[in-house]
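Below, each value reflects all heavy atoms present in this structure, side chains not excepted, and no hydrogens, waters or symmetry copies. Numbered from 1 within each chain, the chains take letters A, B, ... in sequence-line order.
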Amino acid sequence: MSASSPSRLAAFLLPALTAVALILLWYAFKAVLQVPSFVLPAPHEIVAAAWEERTVLWSAALVTVRGALLGFTAAVTVGFLLAMALGFSPRIKTSFYPLILVLQMMPVTILAPIFVLWLGQGLPSIVAITFVIGFFPVVANTTMGFISVDRHLRELFVMCNATRAQEARYLRIPGAMPYFLTGMKIAGTLAPIGAIVGDFLAGSAQGGVGGIGYMTISYFSQLKTPALFATGLVACVMGFLFVGGVNWLHWRLLHSWHDSMVKKE
Amino acid sequence: MSASSPSRLAAFLLPALTAVALILLWYAFKAVLQVPSFVLPAPHEIVAAAWEERTVLWSAALVTVRGALLGFTAAVTVGFLLAMALGFSPRIKTSFYPLILVLQMMPVTILAPIFVLWLGQGLPSIVAITFVIGFFPVVANTTMGFISVDRHLRELFVMCNATRAQEARYLRIPGAMPYFLTGMKIAGTLAPIGAIVGDFLAGSAQGGVGGIGYMTISYFSQLKTPALFATGLVACVMGFLFVGGVNWLHWRLLHSWHDSMVKKE
Amino acid sequence: MDRAMSEAPVVKVSGLRKRFGAGPLVLDGIDLEVARGEFVSFIGPSGCGKSTLLRLIAGLTPASEGSITVEGLAPEQARKRMFFVFQDANLMPWRRVAENVELPLLLRGDAPAPRRERVARMLEIVGLAGAEAKFPWQLSGGMKMRVSIARALSVAPEILLLDEPIGALDEMTRDRLNEDLLAIRSRDPFTGFFVTHAVAEAVFLSSRIVVLGANPGRVTAVIEVPFAYPRQPELRETPPFLRLLATTAQALRAVRVA
Amino acid sequence: MDRAMSEAPVVKVSGLRKRFGAGPLVLDGIDLEVARGEFVSFIGPSGCGKSTLLRLIAGLTPASEGSITVEGLAPEQARKRMFFVFQDANLMPWRRVAENVELPLLLRGDAPAPRRERVARMLEIVGLAGAEAKFPWQLSGGMKMRVSIARALSVAPEILLLDEPIGALDEMTRDRLNEDLLAIRSRDPFTGFFVTHAVAEAVFLSSRIVVLGANPGRVTAVIEVPFAYPRQPELRETPPFLRLLATTAQALRAVRVA
Amino acid sequence: GERPADAPAPRPAALAKVILQTDWYAQPEHGGFYQAQAKGYYREVGLDVEIVQGGPNAIPVQKVALGSAQFAVGRTDELVIAAGRGIPVLALAALMQRDPQAVMFHRESGIRDFKDLDGRSVMAVPGAAWLTLVQRKYGISMSVTPLDFGLSRFLADKRLVQQCFITSEPYYVAQQGVEIGTLLLADAGIDPYRIWYTSRDFAARRPEAVRAFTAASIRGWRDYLEGDRTEADRRIGELNRKMTPEFIAFGVEAMRKHRLVHGDPAKGELLGRIDPARMGAEIERLAAIGVLGRPVQLAEVFDEKFLPEEVRAAATRK
Ligand SMILES: Nc1ncnc2c1ncn2[C@@H]1O[C@H](COP(=O)(O)OP(=O)(O)OP(=O)(O)O)[C@@H](O)[C@H]1O
Ligand SMILES: Nc1ncnc2c1ncn2[C@@H]1O[C@H](COP(=O)(O)OP(=O)(O)OP(=O)(O)O)[C@@H](O)[C@H]1O
Ligand SMILES: [Mg+2]
Ligand SMILES: [Mg+2]
């Protein structure tokens with residue numbers, strides 16, 4: 001019924017075609033509106049800048065990827081555990097959800113100095129900032145997944161005298177996976193941004209090698225706009241790696257049973 | 001079965017108690033670790049600062065709330081429509097999802113100058129930045145909701161010869177609500193932050209009064225730490241208004257049928 | 001069925017085979033011609049492919065081999081004339097009972113007033129007057145199924161595909177429903193396809209009974225039911241009915257042994 | 001049931017009333033004592049509260065008035081001894097057939113080897129050997145229900161609550177299952193509560209049949225079934241059986257008329 | 001009469017480890033400290049100095065107050081404001097007599113003087129004291145856009161005025177072939193010193209280390225502007241990639257041209273010196289615009305005794 005999912009070839013071809021169309025549009029836009037390159041460089045300028053700055057960008061990317069990966073892991077792990085606690089008992093949820101919201105809604109700019117003072121400039125602070133930026137989507141989604149558990153299945157577990165831990169392990173966690181994975185996907189797109197912002201707010205750039213956030217300020221202040229966009233490119237590549245990882249997990253965990261994945265026949 | 005949801009009274013009392021406990025902890029923490037107020041002010045200092053700066057904070061909040069509200073509305077609307085397009089046709093999804101990811105993962109610091117160039121300094125740019133920060137959670141969640149639609153119900157609609165629009169209106173949209181609302185909740189917590197960051201990157205202050213973002217930097221640069229935290233307080237209050245609104249919507253739309261809401265018996 | 005023989009068959013299935021993905025054959029070489037106004041029951045062991053056959057006729061799943069035409073068209077094109085009562089009630093959890101029944105009428109664009117009237121009548125027929133405002137989770141299993149039946153009847157389709165609609169109903173409700181079904185048919189003579197495990201229902205309702213064998217699903221017997229419509233409940237007690245019932249049960253038993 | 005009369009009742013229901021929230025009374029004044037080893041069937045019109053009564057006995061929903069004890073305990077405390085076959089199969093969509101059947105054994109901490117063995121045996125009994133690796137969405141309606149039955153049988157509970165387990169099954173499968181059920185009972189004499197719409201099944205399987213009336217649900221008749229266990233399939237053809245069948249059907253018909 | 005860097009220096013038994021927190025990434029405006037480090041001047045006086053680069057969120061004042069750094073680089077106005085918030089910090093010496101902070105604008109904007117900033121959009125750090133001071137002094141009003149550390153908006157918007165370091169941003173703008181003008185804030189009478197400072201606590205506990213650091217830093221600064229900068233510049237270049245030799249040369253040249261570090265000897269200005277009268281006047285100015293949380297006395301934020309003898313002597317000579 002209805003359009004089936006595109007073939008493997010199309011899965012590469014279609015976005016590539018869209019990208020090509022977009023790049024053409026980009027050039028057209030620049031040409032027609034006369035947008036100067038120091039505001040919006042042309043794609044080829046960005047690629048050239050990325051190539052020229054490749055060693056710098058590479059080492060900066062390594063720094064940032066570390067922060068992003070650690071922060072992402074922390075956000076997903078803590079977010080998941082927190083959601084589990086919240087989803088389990090309405091009492092815990094009522095008591096603590098507002099606090100989690102406060103943590104999420106407090107602008108990082110305000111929290112950053114505290115992190116810097118506690119954890120020092122550098123990786124730990126960057127990780128903390130990435131965590132703060134990324135954990136709420138995981139919490140919100142996973143909690144929703146936990147509390148949306150099918151009530152008939154809950155009754156089955158009640159009949160089985162399942163302990164809370166068993167109910168979590170065999171019912172709530174697998175049942176919440178579609179939600180959890182969506183939250184994880186959002187956290188995945190936020191992780192590189194978090195690490196970049198963290199780098200900006202709490203990076204040390206010690207030893208001359210800062211992360212992508214540092215390079216962003218550096219290029220920005222030098223009017224190296226193509227290189228600035230190249231840092232954006234690097235950020236996107238990083239983001240794609242994260243999202244790709246989460247997508248793979250999504251496929252692994254859901255393809256055999258969930259309606260979002262199972263081929264309909 | 002298991003803990004029922006807390007009563008109305010408990011719904012106020014429990015978070016209040018937690019908050020009180022937290023505030024006591026806060027004082028204890030300050031006292032024991034001797035954290036000076038210029039790093040982490042005591043709650044009463046924050047409240048005092050908020051009161052002292054009330055006129056400035058109020059007008060700043062008004063500026064920011066406007067940006068946040070417009071950006072949030074844009075994020076939710078565009079995110080929803082985009083998700084509908086993506087959820088509807090696997091071909092559209094394959095073609096455009098990567099681009100949406102790029103928009104999400106491109107650091108706002110890079111996008112901001114482009115927005116300012118196009119839209120000018122001030123509200124339109126702030127709204128654009130808020131939008132960019134908040135729309136992806138809506139897209140990711142709603143898309144997941146759309147593609148997770150029950151395949152048996154889809155067959156029912158096929159049998160009814162439903163048009164795509166009808167399928168959207170009567171099946172996919174209501175079915176995706178639990179996901180959509182979760183995405184909206186995340187967007188709601190991000191909206192004030194987005195407006196604050198937007199204010200930071202594209203705002204301007206006539207006569208010394210900018211938005212909350214502007215005041216944040218201003219207090220920060222003047223080392224007015226309690227007032228700085230007061231801006232955080234304002235941000236949180238704003239966030240709670242957004243999340244409260246979404247929660248109300250959640251209740252309105254789901255309480256009569258969804259497992260996350262229906263009282264189990 | 002007599003008057004219909006002159007016409008082209010409403011549903012024509014030939015050489016139909018079906019497998020899901022790379023799985024084993026579920027249906028193997030099904031040939032079937034059904035004339036306008038016929039009421040065909042499918043009986044057979046659980047898992048033999050009855051639901052799948054109905055879904056194939058409705059165009060909800062593609063055939064692996066062979067062809068199916070409905071009024072000379074591909075099933076997908078003929079959906080306007082068909083409706084399906086699914087094996088699980090398949091209600092929309094966010095719509096109340098009346099809204100669930102109303103859905104197909106709403107989707108095909110009926111005006112609100114006749115829609116409401118028709119919904120009320122159908123809920124009356126299935127014995128759910130008074131439950132209009134309930135949500136599906138507040139219903140018992142049999143009530144859900146009755147909502148689903150009311151929904152299908154409300155559109156008065158030319159071809160009605162019923163996948164075990166009565167398994168979850170008590171005898172009384174079932175009998176009343178059967179009679180209503182026959183009454184509706186005598187006014188609006190739809191062509192019916194009916195999956196059931198209740199052999200007596202099959203005999204009482206059908207003009208023809210198709211017995212399917214399992215692994216893979218194949219037609220093992222076709223039993224013509226010669227009783228004229230409209231049929232009265234008393235028919236159930238007559239010797240010819242009981243004989244045919246025995247024959248059918250026999251045919252069904254033979255399947256499993258094979 | 002004879003040998004059990006001396007003992008205290010396994011399940012004792014007295015003055016039971018049930019309403020959902022502020023809704024109307026669903027069950028009104030149910031009194032029931034069931035001795036060890038009995039097999040009680042509930043029959044009654046759709047929506048009369050049969051499932052609700054089972055859920056009350058299992059402690060899945062609280063009574064509004066009156067009391068229920070299971071082995072002298074509150075139902076919630078006695079759950080270790082009970083198991084439930086739900087009206088909808090209630091399978092976990094992400095677990096394969098074998099994993100679904102295995103679940104209660106896993107949860108109560110059985111070792112893997114005996115667990116696997118028992119799962120295989122139960123799937124054999126319900127005729128699903130070979131479908132171990134399928135996911136629920138790949139099963140037919142009857143197959144799902146059989147998985148659910150296999151799951152319940154695997155735990156060998158002292159008290160088994162079966163909510164219309166056989167409505168979706170063909171006669172052959174049903175008969176075989178009934179026989180297996182009786183065979184299991186003769187080895188492991190569980191106390192059974194059985195909701196069904198098939199009066200013949202009720203008579204064949206039960207030691208007692210409770211007929212419920214609707215709106216609100218009330219016991220309108222209790223029919224003792226005097227045939228000794230183990231019962232043979234031939235029993236179904238004997239005049240006493242057919243007479244009791246007629247009586248029961250009569251009692252059921254009387255309900256609706258009232 | 002400087003001793004060459006490679007000459008053997010008397011090595012104290014154990015070097016005292018201290019941290020200098022700068023206010024931005026490594027740049028020639030911190031050159032003297034890197035020079036002192038590179039040439040071993042700190043070691044000679046028994047200090048092992050680690051220079052920690054700043055950045056957009058370096059919070060040097062807080063770090064010094066909490067002891068996670070012993071010294072930091074900043075401006076006197078910041079320091080006074082911090083004292084006004086009850087943060088116990090103490091100015092030690094000036095690395096620049098004149099602050100390199102300036103505003104830049106496009107030539108064609110027609111701006112000649114601070115008065116011409118009236119009604120303009122200025123990109124600056126929100127809340128910066130100079131904004132209020134300039135508006136007060138010239139009776140003008142400007143709208144403020146938060147500083148984004150970039151230049152593309154300035155380039156794109158010919159009407160935009162941007163806060164800058166005279167030693168830094170104009171370089172990149174000039175590279176784009178854009179004609180700009182600059183106004184040093186010092187010329188508007190906003191003349192904070194760029195200083196290094198410590199916490200009152202550290203100054204009380206380790207006065208000798210503070211004195212030693214100050215003396216060695218002054219020596220480093222003098223040497224950086226007059227001697228061989230190669231090693232210090234190499235370090236700066238390593239730490240901050242945008243610091244190409246040409247850019248550093250531009251910055252150093254700007255510091256010389258505008259006499260930022262040494263000041264005007266005619267006015268009694270001298271590398272390292274902080275004039276108590278000038279600083280006292282600054283405190284009054286800041287108090288007048290109401291940015292001080294509480295009254296600040298000169299004595300709590302500055303103590304002359306940590307300045308080297310020769311600086312103090314030279315000052316009194318005038
Ligand atoms: N969770 C619930 N909330 C409100 N009403 C309910 C709920 N569950 C059942 N009911 C109502 O209680 C009545 C009895 O339902 P129950 O499921 O027990 O019927 P049943 O005898 O099992 O019917 P069936 O044979 O159709 O399964 C019905 O009228 C139903 O609408
Ligand atoms: N979507 C599917 N994917 C794979 N296999 C399927 C799918 N649907 C059904 N099957 C398989 O096809 C066979 C026939 O299923 P079907 O539902 O048609 O049986 P049925 O005759 O309706 O049985 P029942 O009487 O139990 O409802 C079964 O073996 C089932 O496992
Ligand atoms: Mg079926
Ligand atoms: Mg029921």
Side-chain angles (χ1 to χ4, degrees), chain B residues 1-2 4-5 80 84 87-90 141-142 144-182 184 248-265, chain C residues 51-52 54-62 70 73 75-97 99-110 133-139 144 147-148 151-152 154-155 157-163 193:
Chain B
M1 356 168 329
S2 106
S4 65
S5 55
F80 185 81
M84 222 156 95
F88 248 89
S89 147
N141 266 303
T142 316
M144 185 65 182
F146 277 132
I147 64 173
S148 297
V149 60
D150 186 290
R151 67 200 177 92
H152 292 116
L153 289 178
R154 282 201 62 198
E155 293 188 346
L156 171 67
F157 273 71
V158 170
M159 282 320 295
C160 289
N161 289 294
T163 61
R164 298 211 131 199
Q166 287 180 325
E167 189 182 322
R169 170 149 174 219
Y170 295 108
L171 173 60
R172 294 200 185 245
I173 292 177
M177 272 304 135
Y179 277 95
F180 171 64
L181 288 165
T182 310
M184 206 167 157
W248 176 83
L249 207 66
H250 187 139
W251 182 87
R252 279 284 299 147
L253 294 175
L254 300 187
H255 79 279
S256 57
W257 69 275
H258 194 249
D259 279 337
S260 69
M261 281 278 147
V262 167
K263 281 249 180 53
K264 300 107 196 154
E265 259 219 87
Chain C
S51 300
T52 305
L54 251 56
R55 284 161 40 77
L56 281 158
I57 293 173
L60 292 176
T61 187
V70 177
L73 303 167
E76 295 79 35
Q77 264 115 42
R79 280 211 200 94
K80 274 212 155 49
R81 318 200 166 161
M82 298 192 262
F83 209 84
F84 208 117
V85 177
F86 296 89
Q87 190 165 3
D88 49 343
N90 215 359
L91 304 182
M92 308 189 76
W94 53 85
R95 289 179 85 88
R96 294 168 190 277
V97 164
E99 292 166 339
N100 262 292
V101 175
E102 189 187 24
L103 182 81
L105 304 177
L106 183 74
L107 293 184
R108 79 177 180 197
D110 285 14
K134 291 199 174 182
F135 282 95
W137 63 271
Q138 297 174 306
L139 302 181
K144 278 185 224 165
V147 175
S148 176
R151 178 171 65 189
S154 73
V155 301
E158 287 172 45
I159 301 167
L160 185 56
L161 303 142
L162 299 128
D163 195 354
F193 292 84

Subject >> Steps toward side-chain contact (heavy atoms from CB on, under 4.5 Å) verdict (Trp94(C), Glu99(C)) >> reply: CA-CA 9 Å; Trp94(C) 53 85; Glu99(C) 292 166 339; over 6 Å; no
Is the backbone of [Y] close enough, under 3.5 Å, to the side chain of [X] for a donor and an acceptor to pair up by distance?
X	Y	answer
Asn90(C)	His152(B)	yes
Gln166(B)	Leu107(C)	yes
Arg79(C)	Ala58(C)	yes

Original post:
Side chain, backbone, both or neither: which part of Arg151(C) has an atom under 4.5 Å from a heavy atom of chain B?
Top reply: side chain
**OP:** Could you tell me which portion of Phe135(C) (side chain, backbone, both or neither) has an atom closer than 4.5 angstrom to a non-hydrogen atom of chain B?
**Re:** side chain
Shorter than 4.5 Å, heavy atoms on both sides: which option in [options] has the most such pairs with chain B?
options	answer
Met92(C), Arg95(C), Met82(C)	Met92(C)
Leu91(C), Leu106(C), Val155(C), Leu161(C)	Leu106(C)
Pro93(C), Pro136(C), Pro104(C)	Pro93(C)

**OP:** Examine whether an atom of Leu253(B) lies under 4.5 Å from a heavy atom of chain C, and if so say whether it belongs to the side chain, the backbone or both; otherwise answer neither.
**Re:** neither
Original post:
Can you name the closest pair of heavy atoms from His258(B) and Ser260(B) and give their distance?
Top reply: ND1-OG, 2.8 Å
